[in-house]
Each structure stands twice: as C-alpha cells, then as structure tokens.
Colleague: 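Okay, handing you the structure first.
Position 1 is the first residue of the sequence, and the numbers go up from there.
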Amino acid sequence: MRVLGVDPGLTRCGVGVVEGTAGRPLRMVGVGVVRTPADAEVADRLVLIERGIEQWLDEHRPEFVAVERVFSQHNVRTVMGTAQASAVAMLCAARRGLPVALHTPSEVKAAVTGSGRADKAQVGSMVTRLLRLDAPPKPADAADALALAICHIWRAPATGRLQQLAAAQRRATAPVRLPKGTR
C-alpha cells in the first residue's frame with residue numbers, strides 16, 4: 001500500500017509518501033513541504049498548494065491519501081487556512097478517484113508513539129525510527145505528513161474490516177422487499 005500523507009497548512013503543507021503494509025517494515029518514498037508566501041492572497045496560495053499536491057500525486061502515484069482532520073483551535077484564522085488546505089488535498093485526491101481518509105492529530109500520535117498526547121519531537125523521533133531514517137524530517141510538518149501515512153497504513157486493515165461488518169449489518173437488518181403481486 002502506498003499512501004500520501006498530507007499535514008495541511010496554508011504556509012507549510014507537509015507531504016510524505018510511505019509504502020508498506022501493517023505488521024511489516026515501512027519505507028519512506030518521499031517527504032517534503034509545499035510552501036506558499038504568507039503575503040500572497042489566499043486564493044493564490046490555495047492554487048499553489050493544489051499544484052504542489054498534484055505534483056506529488058503525479059510523481060509518487062499513491063493508492064490512498066491520508067489528511068489530518070481539522071480540529072477546533074483557538075485561532076479561527078489558523079483553522080480556516082488549515083481547513084482550506086485540507087479541502088484542496090481532498091479535492092486533488094477525489095479528482096483522481098483516490099480514497100481519502102481523515103485522521104485526527106491524536107489518532108496519528110497514538111498510532112505512531114503510543115500516546116495521543118505526544119509532542120512534535122516525540123512524533124518526529126518515532127517517524128525516524130519506524131522508517132529507519134538518519135534524522136527526523138524537517139520541518140515538523142513533513143514528519144507529521146509521514147506520521148499520517150504510517151497511521152493510515154496501520155489502521156486501514158481494521159478500518160476496512162469494520163466497514164465490511166457495518167455493511168453486512170445494514171444488509172442483514174434491511175427490510176425485505178417483495179416484488180409487486182407476490183404477497
């Protein structure tokens with residue numbers, strides 16, 4: 001499984017591609033940051049993010065895209081920029097028919113470090129160990145993008161099984177509809 005992780009941000013949008021399967025060693029395929037100038041108009045910045053993500057999708061051909069789920073922060077302006085960058089990543093994936101998964105920051109931290117309250121340094125350290133890198137990716141947005149991809153790879157099998165069970169449950173409890181005239 002090849003996953004593009006996206007840590008959305010208007011100034012720095014972390015991107016990282018990880019390949020592997022749950023229970024096996026993972027491999028980093030690429031990591032980086034899509035940057036936009038802080039003094040540019042928001043619409044222009046979103047276009048730059050879109051172009052950057054499209055380049056990553058073209059170059060690395062992921063099968064899934066994992067995006068950090070936007071959560072409420074104290075600074076509404078920051079939340080808006082993060083949400084807008086997140087939407088761009090989801091749109092780019094949807095255009096290509098790629099499945100998109102949203103993971104909360106605490107889910108990602110718990111998956112990678114064992115604690116949903118881990119700090120950036122702990123996440124960077126574990127990403128370095130898990131991917132057998134020489135040093136933590138810089139800036140932290142890049143490490144967070146890799147952590148998102150790792151989280152998705154590890155959670156995907158369980159999530160898929162849960163979705164299958166839920167679908168089977170819906171089918172089992174759905175009312176039986178008889179064709180007209182057969183009552």
Side-chain angles (χ1 to χ4, degrees), residues 1-35 49 52-53 56 60 62-90 92-93 98-166:
M1 170 184 310
R2 183 176 277 206
V3 179
L4 171 66
V6 179
D7 181 38
L10 211 46
T11 303
R12 289 182 320 270
C13 184
V15 286
V17 179
V18 176
E19 193 169 67
T21 57
R24 302 260 177 159
L26 303 174
R27 180 175 76 88
M28 182 186 76
V29 176
V31 65
V33 176
V34 176
R35 296 179 187 273
I49 292 169
I53 290 173
W56 277 81
H60 297 288
E63 301 164 82
F64 300 91
V65 176
V67 180
E68 184 175 276
R69 182 183 301 271
V70 178
F71 64 99
S72 178
Q73 295 174 334
H74 300 301
N75 186 340
V76 174
R77 189 171 183 184
T78 301
V79 170
M80 289 302 294
T82 302
Q84 291 163 335
S86 176
V88 168
M90 291 187 282
C92 290
L98 295 173
V100 175
L102 300 175
H103 299 286
T104 66
S106 59
E107 286 173 346
V108 174
K109 291 173 185 179
V112 174
T113 71
S115 169
R117 297 181 184 267
D119 62 24
K120 294 259 185 206
Q122 290 170 306
V123 171
S125 176
M126 284 306 296
V127 164
T128 303
R129 289 180 62 198
L130 293 168
L131 297 176
R132 299 170 310 283
L133 305 175
D134 294 332
K138 299 286 185 195
D141 308 276
D144 289 348
L146 291 171
L148 274 152
I150 293 167
C151 173
H152 185 73
I153 290 170
W154 286 352
R155 292 179 59 111
T159 303
R161 285 192 297 273
L162 288 172
Q163 289 171 343
Q164 288 173 345
L165 288 170

Colleague: S86 side chain to T82 main-chain N or O, any donor-acceptor pair under 3.5 Å?
Modeller: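 Pair absent, no side-chain N/O of S86 close to backbone of T82.
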Colleague: Taking E63 for the side chain and R2 for the main chain, is one N or O donor matched with an acceptor at less than 3.5 Å?
Modeller: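 At least one qualifying donor-acceptor pair exists.
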Colleague: If you take all heavy atoms of P137 and A142, which pair is closest and at what distance?
Modeller: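 So the minimum-distance heavy-atom pair works out to CB-CB, 4.2 Å.
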Colleague: Considering all heavy atoms of both residues, which atom of V123 and which atom of A147 are nearest to each other, and what is their separation?
Modeller: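 The pair with the smallest heavy-atom distance is CG1-CB, 3.8 Å.
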Colleague: Just wondering, do K120 and D144 contact through their side chains at under 4.5 Å, heavy atoms?
Modeller: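 SC-SC contact between D144 and K120 confirmed.
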Colleague: Decide, yes or no, whether a salt bridge links D7 with R12 under the criterion of side-chain N to carboxylate O below 4.0 Å.
Modeller: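 Looking at R12 together with D7, the answer is no, because their closest N to O distance does not fall below 4.0 Å.
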Colleague: Show your working on side-chain contact (heavy atoms from CB on, under 4.5 Å) between R69 and E107 and close with a plain yes or no.
Modeller: CA-CA 10 Å; R69 182 183 301 271; E107 286 173 346; 5.7 Å; no
Colleague: Taking all heavy atoms of P8 and all of V6, pick out the closest pair and write down the distance.
Modeller: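 Looking at all heavy atoms of both residues, the shortest contact is CD-O, 3.2 Å.
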Colleague: For side-chain contact (heavy atoms from CB on, under 4.5 Å), just list the numbers for H60 and L4, CA-CA rounded to whole Å, side-chain angles, deciding distance to a tenth of an Å, and then say yes or no.
Modeller: CA-CA 8 Å; H60 297 288; L4 171 66; over 6 Å; no
Colleague: State, to 0.1 Å, how close L131 and L26 come at their nearest heavy-atom pair, and which atoms those are.
Modeller: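 So the two residues come closest at CD2-CB, 3.7 Å.
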Colleague: Evaluate K109 against Q122 for side-chain contact (heavy atoms from CB on, under 4.5 Å), listing each step before the verdict.
Modeller: CA-CA 9 Å; K109 291 173 185 179; Q122 290 170 306; over 6 Å; no
Colleague: Looking at every non-hydrogen atom in both residues, tell me the closest pair between A93 and V100 and how far apart they are.
Modeller: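 Closest approach of A93 to V100, heavy atoms only: CB-CG2, 3.4 Å.
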Colleague: On a heavy-atom basis, which atom in V33 and which in P139 lie closest, and how many Å separate them?
Modeller: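 Shortest heavy-atom contact: CG2-CD, 3.5 Å.
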Colleague: Please lay out, stage by stage, how V108 and E68 fare under the test side-chain contact (heavy atoms from CB on, under 4.5 Å).
Modeller: CA-CA 8 Å; V108 174; E68 184 175 276; 5.7 Å; no
Colleague: Count the heavy atoms of every other residue, nucleotide or ligand shown that sit under 6.0 Å from CZ of R117, and state whether that count exceeds 12.
Modeller: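 Open.
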